[in-house]
Each structure stands twice: as structure tokens, then as C-alpha cells.
Amino acid sequence: STGLFARLPADIPDKVTLAVLDVAGAPAQTRKLVKDGDTVLIVGGGGKSGVLCAYQAKRKKNVKTIAVDYSDEAINRLKTLPFFDHVLQADARNSVLIFEKVREATGGSLADVVINVANIPETEMSCILSCRPHGIVYFFSMATSFTRAALGAEGVGADVDLRIGNGYTEGHADLSLNLLRESPVLRKLFEEAYAV
């Protein structure tokens, strides 16, 4: 009786809907985690969950968004999107480099919320080091080693709130599909990537 289902909408192509529903928990959790005025770092920002999270974060007031991704293709795409304030090209496994780039982009204050949607392992420390003290690191990526995250944060003395991604949040399907309805830019991006 608790099995998840969502109705396929008539106004969005099925393949696009399925791509959105695959990661619908991430933007729904972003809605809960991000507050007005926050700086939000999205590690793996070039993927489908990353752009949905960034758009959702920007719906709050005075939010700054920073994307980290690696490939030239992802970086070029991210630079065209209006809901990213900074786009950083780097290997998210290089935690010191990511920390330095985020520190520079934030004027030393680091991120209030870090969202990890990278699809590669060993990105935990980049997220932890880039988060301000008492900030939130949200690991939505299933490539995350929660042992590495917990022990890594302890090892560097990072007093941050580590959250494990949950693909389900009440209302997540409708929320995420409505983001596409609200943003022509987001919808075009998803239709070009997934409708064919």
C-alpha cells in the first residue's frame, strides 16, 4: 500500500517525465533545505538532478548557486543557464581544489547548503570542506560512501550536518514536474536531452 506511483501527465512527453521522476526527490529535498539568502553548492551540477536542484533553490530569495562539474560539455551547458551564479570546472574528487574554488567564489564564506548529485565516488570531502560550519551537506548521490563522509568530517573537524538522500519526499513528483512547466529554459533542456 505504500508503493510509489505517479500519473504520467498529458502535457509532458513520457520520456521527459520519466527522466524527471527518476530524480524528483532531489529538488523536493532542496525546497526543504534551502533558505532565503543561502549560498548553495551543487556538486555534479550539470546532470538532470543538479539543474532541477539549482532551479528550485533559486525560487527562494537572494540565493546564490554554484555548480561544480568536470566535462567541457556540462560546463558549456551550465554557463547558458540563468539559474547558476558561478560555474566551476574541476574534478570533484580533488577536495582541496574544490574547497579553494568555492572559497574564492564565495569570498571565503563557503556554502550554506551543499548538494551532492555527482555520479562518481570519492566526492564526499569536496562537499564537506566546501560547507560552512553548521551548514548542511546533502548526499543525494548513490555513489556516496557514508563511512567516508562521516569519518572524513570527523577527521577534519567539520561541524556540518550530513544528510542522506531520500528519493521520496511528499509531493516530489508534482513539484518536480511543475518546475518544467514553470521554466521554459528547464523544459527545453530536458526535452532536448530526453524526448528523443
Side-chain angles (χ1 to χ4, degrees), residues 1-34 38 40-61 63-90 92 111 113-121 123 127 136 138-144 163-196:
S1 65
T2 61
L4 298 182
F5 73 93
R7 297 186 192 284
L8 294 176
D11 63 322
I12 300 174
D14 288 355
K15 288 183 179 180
V16 174
T17 297
L18 293 174
V20 171
L21 293 178
D22 181 44
V23 296
Q29 291 285 355
T30 299
R31 177 185 61 180
K32 292 181 182 179
L33 297 175
V34 176
D38 278 351
V40 180
L41 172 66
I42 303 172
V43 176
K48 58 188 175 184
S49 52
V51 296
L52 286 167
C53 289
Y55 182 80
Q56 174 61 46
K58 278 298 215 178
R59 295 176 85 213
K60 304 281 180 148
K61 294 177 185 172
V63 166
K64 282 198 242 178
T65 54
I66 304 168
V68 172
D69 216 301
Y70 183 72
S71 74
D72 291 336
E73 180 184 350
I75 294 299
N76 291 334
R77 181 175 56 252
L78 287 167
K79 286 181 177 177
T80 68
L81 299 176
F83 31 90
F84 285 102
D85 297 297
H86 298 280
V87 176
L88 308 177
Q89 184 169 19
V113 178
V114 180
I115 300 169
N116 185 331
V117 290
N119 61 1
I120 57 171
T123 61
C127 298
I136 297 170
Y138 175 60
F139 292 106
F140 189 75
S141 169
M142 293 301 108
T144 300
R163 307 268 182 108
I164 297 172
N166 180 353
Y168 175 75
T169 300
E170 188 175 347
H172 71 312
D174 289 337
L175 177 142
S176 297
L177 291 169
N178 283 334
L179 296 180
L180 261 65
R181 292 183 179 108
E182 182 179 297
S183 169
V185 173
L186 203 54
R187 184 168 182 146
K188 182 175 185 280
L189 181 70
F190 270 75
E191 286 182 347
E192 287 175 351
Y194 303 106
V196 290

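For reference, positions follow the sequence shown, starting with 1.
Closest approach of Lys15 and Tyr194 over heavy atoms only: CB-O, 3.1 Å. Taking each heavy atom of Arg181 and Pro9 in turn, the nearest pair found is NH2-CB, 3.3 Å. Smallest separation of non-hydrogen atoms from Ala57 and Val40: CB-CG2, 4.3 Å. When all heavy atoms of Cys53 and Thr30 are compared, the closest pair comes out as SG-OG1, 3.3 Å. Ala24 and Ser176 make their closest contact through O-OG, 3.2 Å (heavy atoms, listed as atom of the first residue, atom of the second, distance). Here the shortest heavy-atom pairing between Gly44 and Asp69 reads C-OD2, 3.7 Å.
Side chain of Ser71 to backbone of Ala74: a donor-acceptor contact under 3.5 angstrom is found.
Between Phe83 and Val185, some side-chain heavy-atom pair lies under the 4.5 Å cut-off. When side chains are defined from C-beta on, Leu21 counts as touching Leu177, because their heavy atoms get closer than 4.5 Å. By the 4.5 Å heavy-atom criterion applied to side chains, Ile12 and Arg187 are counted as neighbours. Gln89 places a side-chain heavy atom less than 4.5 Å from the side chain of Asp72. The closest side-chain heavy-atom distance from Leu33 to Arg163 is below 4.5 Å. A 4.5 Å side-chain heavy-atom check between Tyr55 and Leu81 finds every atom pair outside the cut-off. Using a 4.5 Å heavy-atom cutoff, the side chains of Thr65 and Phe84 are in contact. Taking 4.5 Å as the limit, every side-chain heavy atom of Val117 sits out of range of all side-chain heavy atoms of Lys48.
With respect to Leu179, the side chain to side chain contact (heavy atoms under 4.5 Å, CB included) criterion is satisfied by exactly one of Val51, Asp174, Leu186: Leu186.
Below 30°, between 30° and 60°, or above 60°: for Phe140 and Tyr138 the angle between ring planes is between 30° and 60°, a tilted geometry.
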- Task: Would you please test Leu189 and Arg77 for side chain to side chain contact (heavy atoms under 4.5 Å, CB included) and show each step?
- Result: CA-CA 9 Å; Leu189 181 70; Arg77 181 175 56 252; 3.2 Å; yes
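Atom NE2 of His86 is separated from atom NZ of Lys64 by 5.5 Å, given to the nearest 0.5 angstrom. Atom CD of Gln29 sits about 3.5 Å away from atom OG1 of Thr169, to the nearest 0.5 Å. Within the model, atoms CD1 of Ile115 and CD1 of Ile42 stand 5.0 Å from one another, a figure rounded to the nearest 0.5 Å.
At a cut-off of 3.5 Å, with distance as the only test, no side-chain donor of Asn116 or Thr144 sits close to an acceptor on the other residue.
Asp38 and Lys60 are not joined by a salt bridge, as no carboxylate oxygen comes within less than 4.0 angstrom of a charged side-chain nitrogen.
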